[in-house]
Amino acid sequence: PLTSEEEVWLSRAKVLALVHPGDVWVFSGGQPHTALVVGDGLNISAYESLVPANREAMELLVRSNTRKAHCEDFWMDDEALDELYEDVVDNLQRSMREPCLDERLRARLQECVQAMRD
C-alpha cells in the first residue's frame with residue numbers, strides 16, 4: 001500500500017503505466033520519464049536519444065535548450081546539440097530519398113522536415 005505522501009507524488013504524473021516482464025516501452029527523450037522495477041524481476045533498460053517521425057516530437061527537439069522547453073540544468077552543450085541536429089537532417093534526407101517509402105511515412109517525414117525549417 002502507498003502512503004498518502006506517495007499517492008500525492010504519483011498523482012502529479014501525467015501518465016502512469018504498469019508493465020510486465022517482457023514488455024517494451026519507449027519514452028520521448030524530451031519529457032521527464034522514469035522506469036522502476038517493483039519486485040524481484042530483472043530490469044534491463046537503456047537510454048538513447050530517439051525522435052520518432054512525428055511533427056510534435058520534432059518541434060520539441062528544435063525547442064531544446066530553450067527556457068520554454070527545458071530547465072537550463074538539462075540543456076545539451078551546443079556542440080552536442082549541433083551534432084544531433086546534423087544526424088537528424090542526414091537521416092531525414094536519406095529516408096526521403098528512399099524510392100519505396102510508403103506515402104504516409106513520406107508525408108510524416110516531410111512534416112518533420114518542415115518543423116526543422118520553422
**Request:** Just jot down the side-chain contact (heavy atoms from CB on, under 4.5 Å) partners of D73, sequence neighbours excluded, or say none.
**Result:** C71
**Request:** Step through the shown structure and confirm whether more than 12 heavy atoms of other residues, nucleotides or ligands are within 6.0 Å of CD on E79.
**Result:** no
**Fill in**
For L16, the other hydrophobic cluster members (4.5 Å side-chain criterion, sorted by chain and number) are L2, L10
**Message:** I need the R104 CZ to R108 CZ distance, nearest 0.5 Å.
**Reply:** 9.5 Å
**Over 12 foreign heavy atoms within 6.0 Å of CD, E56** = no
**Prompt:** Under the 3.5 angstrom rule, does the side chain of S95 hit a backbone N or O of L92 as a donor-acceptor pair?
**Reply:** no
Can you give the donor-acceptor pairs under 3.5 Å from side chains of residues 109-118 to other protein atoms, not counting sequence neighbours?
{"from": "Q114", "atom 1": "NE2", "to": "D118", "atom 2": "OD1", "distance (Å)": "2.8"}
{"from": "D118", "atom 1": "OD2", "to": "R55", "atom 2": "NH2", "distance (Å)": "2.8"}

**Request:** Any chance you could measure E83, atom CD, to D77, atom CG, to the nearest 0.5 Å?
**Result:** 8.5 Å
**Request:** Taking atom CD of E6 as the centre, report whether more than 12 heavy atoms of other residues, nucleotides or ligands fall under 6.0 Å from it.
**Result:** yes
**Request:** Locate the shortest heavy-atom distance separating M76 from L84; write the atom from each residue and the value.
**Result:** SD-CD2, 4.1 Å
**Straight-line distance of L81 CG to E86 CD, nearest 0.5 Å** = 10.5 Å
**Item:** Other residues, nucleotides, ligands: >12 heavy atoms within 6.0 Å of D78 CG
**Value:** no
**Item:** ILVMFWY network linking M96 to V88, side-chain heavy atoms under 4.5 angstrom
**Value:** yes
